[in-house]
2 protein chains.
Amino acid sequence: MVASIEDVARHAGVSIATVSRALRGLPDVAAATRDRVLQAATELNYVASPFAARLASGRTTTVGLVVPFVNRWFFAEVIATVEAALRHAGFDLLLYNLGDAQGRSRFFDVMPMRKRVDGVLVASLVLDDAEFSALTELNRPVGLLGLDRDGFLSARIDDVASARTAVDHLVEAGHRRIGLIGGDTDDPMAFTPPLHRRDGYRDALQAAGLDADPGLEHLGYFTVDGGRTATRRLLELADPPTAIFAESDEMAYGALREIRDAGLRVPDDVAVIGFDDQPLSELMDLSTIRQPVADEALSVTTRLLALIASDDHDNLGETEVVLPTELVVRGSSGPRR
Amino acid sequence: MVASIEDVARHAGVSIATVSRALRGLPDVAAATRDRVLQAATELNYVASPFAARLASGRTTTVGLVVPFVNRWFFAEVIATVEAALRHAGFDLLLYNLGDAQGRSRFFDVMPMRKRVDGVLVASLVLDDAEFSALTELNRPVGLLGLDRDGFLSARIDDVASARTAVDHLVEAGHRRIGLIGGDTDDPMAFTPPLHRRDGYRDALQAAGLDADPGLEHLGYFTVDGGRTATRRLLELADPPTAIFAESDEMAYGALREIRDAGLRVPDDVAVIGFDDQPLSELMDLSTIRQPVADEALSVTTRLLALIASDDHDNLGETEVVLPTELVVRGSSGPRR
DNA sequence: CTGTTAGCGCTTTCAA
DNA sequence: TTGAAAGCGCTAACAG
């Protein structure tokens, strides 16, 4: 009922091999022949069965994208960008969402991507050695997003330096007690930002000659509610901070709300800076660090596709790309009064 | 280098047919034989090549999910839910993001899903007859999310009634001039909510005996910025509304901001109600209509998988499921002063 | 430039 | 309950 390559061959009066060549745009096909094949294919509404092609060629024209979340801003942007780039290149996108810790261990255990992708993209996951091994054993090019590792393609921002920029900004505004709202670095679902942004925060304090006060660091779990709770704790301190650095905009939103609910003003009583520059942050008048998510995703996807297309999968070319971030100063971080 | 079914057969001392049967859990395999095969497979770290299996069986164990956006709350929730359900059932998720109008027409033209999925899920797209035909011609079960149509599985909420509930709520609070911030119903990327929510708005006004004033309806394009702009227009009216119904929470966020920037208070001067109940809406103290996105997505995915598993693809069973929404009253819609 | 042919690695009759 | 064998619909030598 649905046309196969044989139907097209018969229709065009050529062999199936010629059909295959013509349709894939291979060289060494006479223009006239190619036209005839193309027309036959169109008339029969033919498309090649991807599975037969994959089985015969060994190529899957599919890339697996592994993410820890899909419904968070950063990852949604990544998915959108990668999907578009793959579609453009004629590749399928197989999406793998790890979900929770259990899903994560099952994933690396079973490796559902085995035998079904030409390459893999992993977004912002803190991977242990066993997980890197599992990835390597796929024997396919791997691209990392938001982290890097020797021997892997990657694109990321400098989270440490960027966080430091954020905190430096608060320091320059005259703040001496600066709170941190971060992610859980021990979480089995840990992703990369919490680690590095916290380091940047600590670096900045040290550089400014400020004491690191563990009481000023609270967990916000990268959620709005987490940000609120952490802020409440910070405000309850005997000597509360006059400024807060939240490792994500979401947590910063929670902070803004909690500060105002406490009857305090932003930035006069407490200044706030976030990280990401989500679209809502402008609305919230939130100072933040802007990161070029789409550029990161596009960079590593493009290089991954090139690597897949090349015959030498070990010649990575430009391996580790670090993209610049930008301090965006808005109303939430005005100078200290 | 990587084990094939033959290696397992040799290792277990059986034929490849038996390996195939044992590994897929088919009946009529002696327990002892099955154990031997399973052990051999484990030892060799064997997994079947999905493409060979698909070619031979005709089944793809893959579902295509078509969305107009991936980085909006509703769709991100849908993707997360569908991905989890498919993974649980051992299915792959092939994600198709339409992107823009051009991408949309190319998509339905080329139908990249052809020959690669067992079923299709389409989320909140306003489809024309040609597009429905393209879907039907795939000859695969199709599930619709956020819309329905005769002969297709679907799960949705009642957007008309829900919008009416929102506007009724404002009417009951004493409002007589109620603005609408909606989506573009003529947009080629139109998705379903704008149409129905506007109808619900108009129904509610009519039921309350209020005149429909076209000047009170503005486009917010389902974005925060669009919501701001639309609100500005509404506030500039000679006789501005005392309440605004935004067809999405995002647009409502923009409205809240714009109202306050104009020096007005919410809800005393202008009340606002949104639609969706995104996580941020609680933070914003935004009244809204809560819709059970995950339930919708799970409902249609489950039924789609059942349909795929059944041999009679025309026996849809429970076809059209409508899930309840809930009015969530928060601070943005207090009684009119 | 084009055709012939041998697989790719499974599933599925059909027989035993 | 198991095995033999015929495909599934392509791609990729190889030959001409």
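Chain letters run A, B, ... following the sequence lines, proteins first and then strands; every chain starts at 1.
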Closest non-hydrogen contact found for A/A12 with A/V37 is CB-CA, 4.0 Å
So which atom in B/G64 and which in B/Y96 form the shortest heavy-atom distance, rounded to 0.1 Å?
CA-CE1, 4.3 Å
In degrees, rounded to 10°, what is the bend between the two ends of the helix from C/dC1-D/dG16 to C/dA16-D/dT1, using five pairs at each?
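Comparing the first five pairs with the last five, the axes sit 30° apart.
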Go through residues 40-56 of chain B and report each residue with a non-hydrogen atom lying under 4.0 Å from DNA chain C, sorted by number.
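Heavy-atom cutoff 4.0 Å gives B/Y46, B/A48, B/S49, B/A52, B/A53, B/A56.
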Please work out which residues in residues 16-38 of chain A have a non-hydrogen atom less than 4.0 Å from an atom of DNA chain C and list them by number.
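Close to the strand are A/A17, A/T18, A/R21, A/D28, A/V29, A/A30, A/T33.
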Just verifying a value: how many Å separate A/L153 CG and A/L145 CG, rounded to the nearest 0.5 Å?
11.5 Å
Distance under 6.0 Å and angle within 45° of ring axis: A/R72 vs A/F222:
no
Do the charged groups of [X] and [Y] touch, with an N to O distance under 4.0 Å?
{"X": "A/D129", "Y": "A/R149", "value": "yes"}
{"X": "A/D92", "Y": "B/R116", "value": "yes"}
{"X": "A/R54", "Y": "A/D118", "value": "no"}

Tell me if the CG atom of A/D312 is crowded by more than 12 foreign heavy atoms within 6.0 Å.
yes
How about NE2 on A/H88, more than 12 heavy atoms from neighbouring residues, nucleotides or ligands closer than 6.0 Å, or not?
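No, the 6.0 Å shell around NE2 holds no more than 12 heavy atoms from other groups.
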With no hydrogens and no angle check, do the side chains of A/R114 and A/N139 hold a donor and an acceptor under 3.5 Å apart?
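Checked: A/R114/A/N139 side chains show no N/O donor-acceptor pair below 3.5 Å.
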Distance alone, cut at 3.5 Å: any donor-acceptor contact between the side chains of B/S133 and B/T136?
no
Pair listing, side-chain hydrogen bond (donor to acceptor under 3.5 Å, both in side chains) test, anchored in residues 101-113 of chain B, at least two apart
B/R104-B/E131
Using a 4.0 Å cut-off to any heavy atom of chain B, which nucleotides of DNA chain C are the first and last in contact, reading 5' to 3'?
C/dG9 to C/dT13
Do A/L307 and A/L316 have side chains that approach each other closer than 4.5 Å (heavy atoms only, starting at C-beta)?
yes
Ring pair (Phe, Tyr, Trp, His ring centres under 6.0 Å) between A/F69 and A/F74: does it pass, once the steps are laid out?
CA-CA 9 Å; A/F69 310 98; A/F74 176 88; over 10 Å; no
Positional range of nucleotides in DNA chain D within the contact set of chain B, heavy-atom, under 4.0 Å
D/dT1 to D/dC10
Examine distances only and state if a side-chain atom of B/D7 and a backbone atom of B/S4 form a donor-acceptor pair shorter than 3.5 Å.
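It does hold such a pair.
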